[in-house]
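A, B, ... follow the sequence lines: proteins, then strands. Residue 1 opens every chain. In this text the structure is predicted, and so the values were computed from the model without any measurement.
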Protein chains: 2
Amino acid sequence: MNKYNHPGVPYFQHVSEHCIHYMSIDGVIFGFSENQLKVLLLRWKGTDEWSLPGGFIYKLESVDAAAGRIVQERTGLNQLYLKQFHVFGDANRYDQADTWQRTKMPLEGIKWSERTISIGYYALVNYSKVTPMPDLITDECRWWNIQDLPRLLFDHNHIIEVALHSLRRELNEQPLNHLLPDPFTIPELQRLHECILGTALDSRNFYKKMLASGQLERLPERRSGTSHKAPYLYRFQETQSGEILPEPGT
Amino acid sequence: MNKYNHPGVPYFQHVSEHCIHYMSIDGVIFGFSENQLKVLLLRWKGTDEWSLPGGFIYKLESVDAAAGRIVQERTGLNQLYLKQFHVFGDANRYDQADTWQRTKMPLEGIKWSERTISIGYYALVNYSKVTPMPDLITDECRWWNIQDLPRLLFDHNHIIEVALHSLRRELNEQPLNHLLPDPFTIPELQRLHECILGTALDSRNFYKKMLASGQLERLPERRSGTSHKAPYLYRFQETQSGEILPEPGT
DNA sequence: TTGCTTTACGTAACTTGTACGTAAAGATAC
DNA sequence: GTATCTTTACGTACAAGTTACGTAAAGCAA
């Protein structure tokens, strides 16, 4: 692939014409599988360089809608929980020359911003319902364990860290069922809490706390096969189901 | 004042040329005086319409720096605590035709965005150290009690509500000393908590909690004059002084 | 001096969180 | 099939934090 046939060129030309300049959205898409917290990453065309999924805001598009569109296109989900968590607005967020060179994206002919302000959203999605799809400028889209991420493009390692810290702080208010199978077991919920918090929890106290919260509804069935004693299945009660974007702000 | 000599015209022309389009910053500047939580508002030139102080981001300026500049210009303070709290990005945040007509700002000749995404920052400032200063497009800058605000321009009533809710949620982590005289008394700190929370607190429990936190340092002197029994003066210990922008994000 | 308000500190009941014990259910080993 | 191990489900004891309320000292006003 050379600079004359790179599919990113028409894409960035389209963005430059129709989207808001100096501004982007980055999505930290969290999934949970095999007792691991994961994020969805993209590998740029013709490189070994990875980044978060991201995109741009059309001039007359709501920012939440843009974030929803971007995450939807990578996951195939049309119902998802999204939360705006931070704006990354430093004038020098990363070494631009170095980063763009790593992407092998030929931007010479395109009117492009000298800097980009990025609005960070995180999404909580059901791992098993996601079909990872690369976009026009990437070859591959797949899950990475949050524990062993590579060095990412731009300042995306930092953005993921801030997203994880935000999720950690807001853990008890977030609809974590979006990350779990439906229904789920208490041990599964505990593993998820442990992955997000990065600490081990006492299972007996965790049980007590979850049941005392009154948000869980126990089903008559148990999860069979996996564990020694089959655990009961649970659902979150209707109240905090959390549809698309139940933002405090709007 | 007519459309031909309005000082906003050259201002908006300057902004249109040098600042990022489709994007602004709004500052909710909190102050505390006479047992009332207050915000600083601006009255637009030749009108009775009020709005939050705001401004625009220069193309190569950090967003935090832009917010600091904007708040600094209205308050005269060069040391201040600022916190980014939300992005207001709806495509239709308010009725544009109605709002701009209320401002009496003649924008006809100026290349202006069809919509604006606004990054909300709140500032905690020392009321007595602020010198409210109007900008180029406003006649008056003064404090308003948060209890009895007028109907503001744009969606600024909503932005203030979201700012207050954010402050309320983050109350225990925020350096509230920025809102108080230095040193301050425990009753003063309690009034401030009550104003932010909107509820009455038990003074005996409040004392206990504040002293148990270990963050307060009692001075030998007492505040004289005001109350029946003179209360001791306190300072927050060095640790959580909170200089300019100790952001979790960066 | 008497009465009132505000500060400063204390006690008791209650709730929440943490540490750890244990039996039942299922899987695996012998 | 029985013993052993792991995991779930539920329980108890103690510590820490929260809430409710009592009270004396300090200052102001009558």
Side-chain angles (χ1 to χ4, degrees), chain A residues 32-36 168-173 176 180-237, chain B residues 32-36 168-173 176 180-237:
Chain A
F32 184 64
S33 174
E34 295 163 325
N35 291 341
Q36 290 278 337
R168 202 172 278 172
R169 211 173 342 147
E170 303 160 355
L171 181 68
N172 295 310
E173 290 86 47
L176 293 189
L180 293 168
D182 179 33
F184 55 87
T185 68
I186 303 266
E188 285 163 358
L189 183 59
Q190 183 183 340
R191 303 287 171 281
L192 176 55
H193 271 81
E194 289 175 333
C195 280
I196 294 172
L197 294 171
T199 58
L201 298 173
D202 183 286
S203 65
R204 296 151 306 181
N205 291 334
F206 188 79
Y207 260 82
K208 217 185 333 179
K209 190 175 169 184
M210 287 303 113
L211 297 189
S213 78
Q215 295 176 343
L216 293 180
E217 174 190 6
R218 183 197 275 186
L219 305 183
E221 313 97 69
R222 292 160 179 261
R223 169 89 77 231
S224 59
T226 46
S227 78
H228 294 265
K229 174 174 176 174
Y232 282 106
L233 290 167
Y234 288 84
R235 279 219 176 86
F236 275 106
Q237 240 123 31
Chain B
F32 184 64
S33 174
E34 295 161 327
N35 291 342
Q36 290 278 337
R168 202 172 278 171
R169 211 173 342 146
E170 304 160 355
L171 180 70
N172 294 311
E173 290 86 47
L176 293 188
L180 293 168
D182 179 31
F184 55 87
T185 68
I186 303 266
E188 284 162 358
L189 183 59
Q190 184 184 340
R191 303 287 171 281
L192 176 55
H193 271 82
E194 288 175 333
C195 281
I196 294 172
L197 294 171
T199 59
L201 298 172
D202 183 286
S203 64
R204 294 149 310 177
N205 291 334
F206 188 80
Y207 259 81
K208 214 186 334 180
K209 191 174 169 184
M210 287 301 115
L211 296 189
S213 78
Q215 295 176 343
L216 292 180
E217 175 189 6
R218 184 196 274 188
L219 306 183
E221 310 98 70
R222 291 160 179 263
R223 169 89 77 231
S224 59
T226 46
S227 77
H228 295 264
K229 176 172 175 175
Y232 282 107
L233 289 167
Y234 289 83
R235 277 216 177 89
F236 275 106
Q237 241 123 31

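Contact record, B/Gln237 with B/Gly214: OE1-O, 2.6 Å, taken as the closest heavy-atom pair.
Checked against D/dA25, D/dT8, C/dA19, the side chain of A/Asn205 finds its nearest nucleotide in C/dA19. Minimum atom distance to the side chain of B/Lys208 is reached by C/dT11, of the listed D/dC21, C/dT11, C/dT5.
Counting any heavy atom pair closer than 4.0 Å across all strands shown, A/Arg223 reaches no nucleic acid atom.
Atom P of nucleotide C/dG26 and atom CD of A/Glu221 are separated by 14 Å, given to the nearest angstrom. Separating the CE atom of A/Met210 from the P atom of D/dC10 is a distance of 15 Å, rounded to the nearest angstrom. Taking atom CG of B/Asp202 as the reference point, atom C1' of D/dG17 lies 15 Å away to the nearest angstrom. A straight line from CZ of A/Arg204 to P of C/dT18 spans 13 Å, rounded to a whole angstrom. For the pair B/Arg222 CZ and D/dG27 C1', the interatomic distance rounds to 10 Å; values are reported in whole Å. The CZ atom of A/Phe206 sits 15 Å away from the P atom of D/dC10 (whole-angstrom rounding). One atom, NZ of B/Lys209, and another, C1' of C/dT15, lie 14 Å apart when rounded to the nearest Å. Atom C1' of nucleotide C/dT7 and atom OH of B/Tyr232 are separated by 10 Å, given to the nearest angstrom.
Each of A/His228 and B/Ala230 has a nearest nucleotide on DNA chain C; the 5'-most of these lies closest to B/Ala230. In terms of position on DNA chain D, the residue among B/Gly225 and A/Leu233 whose nearest nucleotide sits closer to the 5' end is A/Leu233.
The ring pair (Phe, Tyr, Trp, His ring centres under 6.0 Å) analysis of residues 203-234 of chain B, with sequence neighbours excluded, yields the pairs B/His193-B/Phe206.
A distance-only check finds a donor-acceptor pair linking the side chain of B/Arg222 to the backbone of B/Ala230 [under 3.5 Å]. For A/Gln215 (side chain) and A/Met210 (main-chain N/O), no donor-acceptor pair under 3.5 Å exists by modelled atom type. At least one donor-acceptor pair under 3.5 Å links the side chain of B/Glu188 to the backbone N or O of B/Thr185.
Taking side-chain N and O atoms only, A/Arg218 has a distance below 4.0 Å to OP1 or OP2 of D/dC10.
Within 6.0 Å of CD in A/Glu34 there are 12 or fewer heavy atoms belonging to other residues, nucleotides or ligands.
Residues B/Asn35 and B/Leu192 are not in side-chain contact: their nearest non-hydrogen atoms beyond the backbone lie 4.5 Å or more apart.
Of the residues in residues 182-199 of chain A, those with a non-hydrogen atom less than 4.0 angstrom from any atom of DNA chain D are A/Pro187, A/Arg191.
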